[in-house]
Amino acid sequence: MSPTFRSDAYIDGKWRAGAKRFEVFNPATQAVIAEVPDLGAAETEEAIAAAHRAFPGWAAKAAKERAQIMRAWFDLMMADIDRLARLISLEGGKPLAEAKGEAAYGASFMEWYGEEAKRAYGRVIPTTTPTRRYVTIKQPIGVCAAVTPWNFPMAMITRKAAPALAAGCTIVLKPPHQTPLTALALAELGEKAGLPAGVFNVVTTANASAVGKIMCESNLVRHFSFTGSTEVGKKLGAACVGSTVKKVALELGGNAPLIVFADADLDLAVKGAILSKFRNAGQTCVCANRILVEDAIYNAFSMKLADAVPKLKVGPGIEDGVEIGPLIDQKAIEKVERMVAEALASGATALTGGKKHPAGAQFYTPTVLTNVTRDMRVNTEEIFGPVAPLIRFKTEDEAVSIANDTPFGLASYFFTKDVHRAWRVAERIESGMVSINDGIFSNEVIPFGGWKESGLGREGGVEGLDEYLESKFVNFGGFA
Ligand code: SIN
C-alpha cells in the first residue's frame, strides 16, 4: 500500500499549492507518484522573508523551550517511522530496511541537537589588564538556507535543520526535485510538534538554479548549506561569498578508498566492503568508491567478495528483503554503464555483474571488477553505483599514495589487525573521516565532513551546532 503524504509546499506555516507543478517519479518503475509545486524566485523570497520575521521570536526562546518542540518532533517522527520509511523508499528507491534506518538516523538529529542546544556555552577569558573583563557568547547566526540531496531524503535535511533550529536559527529548505515528499512529511510533523510559522519552510521546485540563486544572494540569509556535487558546490559557495559573504557549509563529492591489508580479518573486510560499497546501491558520498587490496591476499579477497555480492537481492526497495534498489534516474544508470564499459575495455575483468539488471530500466547488477588500474575512471571518479573496483597494491606506502591521489577527501576505510598500522595510516590519510575495521560509521554524534574538495564545515556532533552559532567577544571595561 502506498503511504499517505502531503504534496504542497510549506511557507510561513501555510501549505502552498503553487500555480505550476512538477512530477515526482518512483525510480523503481518510473511511475508518477505525485505532483508538487514548482516554485521560483518570488516564493523563495517570500519564504526567506517569513524566516526573517520568525527569527527574533525563535531565537529569543530559551534553548530548553526549543528543545521541547524538537523532542516532540522527534517523537512524532519515530511514531511515524513506517510511513516515513515507505515514503523514502518510494521516491528515493532505497530498500525498506535501509529507509527505516535512515528515518531513525534522521530523527536522531532532532533529539540530539535539542539536547545539545542547552550547552551552547561561551567562555570567560582571563583578562590582560585589571581594568577589563573578557567573555565570549554564542548567538544564532540568523536565517539559514539549505539545499539537500536525493540520496538521503530525510537525514540530510535534519542533519542541517536540527542544529540550525537548536541554535535559534530559522530555515528555508529546498529539497531535491526527485524526493520532495519526505521533506514535506517532515514539515507536516514539525507543524504538529508546535513549530511557530516561518521557522521551517520548504520550497519545492524543479528549477534549482532560480531558487539557489536567491538563497545565495539574499542579504537576509546568513548561512547557506549544500550537500551535493563538488561542481555545483563550488559555484554556490562562490555565489554566497561573492555576493553577501555569508557563511557556507558544503558537503560535496567523495572518492573513498577502502584498503584491505594482508593482515586484515578477511571475512570482516568482505562484510565491511559490502556494507560500505553497496549501501543505497552505492549512492552515498561516503560509499567506498574503490577497494585497494594488498597483493598477497588479492585473489583470496576477490573470490570471497565475488562469492558474496551476487547474493545481494536486487529489486524495488519497497519489496521485502530487497538489498539493492534502483539508481535514481536514467542519467545515473548511463554513467555507471559507461564507466564499467571503459574499465572492461581497458583490461578490467568483471568477476560478477558488469551489466544492467533485469529488474527494470534503472537497476544495475552488483558488480566486482578486478585488474583495475589507477588511471581508470572507476578509480579516479565517484561511481555512485553498485560497482566495486579492486586495485592491487604491494606496500603500505603505495596504498596510502593511491588513497590520497585524489582531489577529494571525505571518507576512507581500512582493514588491519595491526594497531600501529591503524594509527599510522589513520594519520596519513587525507580525509575528514576514517573508519578502521568497519564499513559504516554515520550517526548523529560524529562530525561528518570532508577535506580538500569534499567540502567545508562539519555536520553532526558538537561541531555541527557551532556552524550555526556566531561567536561574539564582549569586553567589560572601566574597572577601577
Ligand atoms: C551522504 O551521502 O552525503 C551521507 C551519508 C551518511 O550520512 O552516511
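On a predicted model such as this, the values are computed, not experimentally measured, just so you know. First listed ligand is number 1; within each ligand, the first listed atom is number 1.
- Contact annotation: for Arg159 versus ligand 1, heavy atoms closer than 4.0 Å belong to the side chain alone.
- At least one heavy atom of Met156 sits closer than 4.0 Å to an atom of ligand 1.
- Between Val286 and ligand 1, not a single N/O pair is under 3.5 Å apart.
- Closest heavy-atom approach to atom 3 (O) of ligand 1 within the set Gly254, Cys285, Cys287: this belongs to Cys285.
- In terms of polar-atom proximity, defined here as any N/O pair under 3.5 Å, Ser442 does make such a contact with ligand 1.
- Here is the list of ligand 1 atoms found below 4.0 Å of a heavy atom in Thr284: 2 (O).
- Between Phe226 and the choices Thr148, Leu456, Leu252, the side chain to side chain contact (heavy atoms under 4.5 Å, CB included) rule is met once, by Leu252.
- Judged as a salt bridge (Lys or Arg N to Asp or Glu O under 4.0 Å), and not counting sequence neighbours, the contacts of Arg159 are Glu459.
- Taking the six-membered ring for Trp and the full ring otherwise, Tyr113 and Tyr468 have centroids separated by 6.0 Å or more.
- Taking Lys234 as the reference, Glu453 meet the salt bridge (Lys or Arg N to Asp or Glu O under 4.0 Å) condition, with sequence neighbours excluded.
- If you check which protein heavy atom lies closest to atom 5 (C) of ligand 1, you get Phe152 CE1, 3.5 Å.
- Taking a 4.0 Å cut-off on heavy atoms, Tyr105 registers as neighbouring ligand 1.
- Checking Gln30 against Gln362 by side-chain atom types alone, a donor-acceptor pair falls below 3.5 Å.
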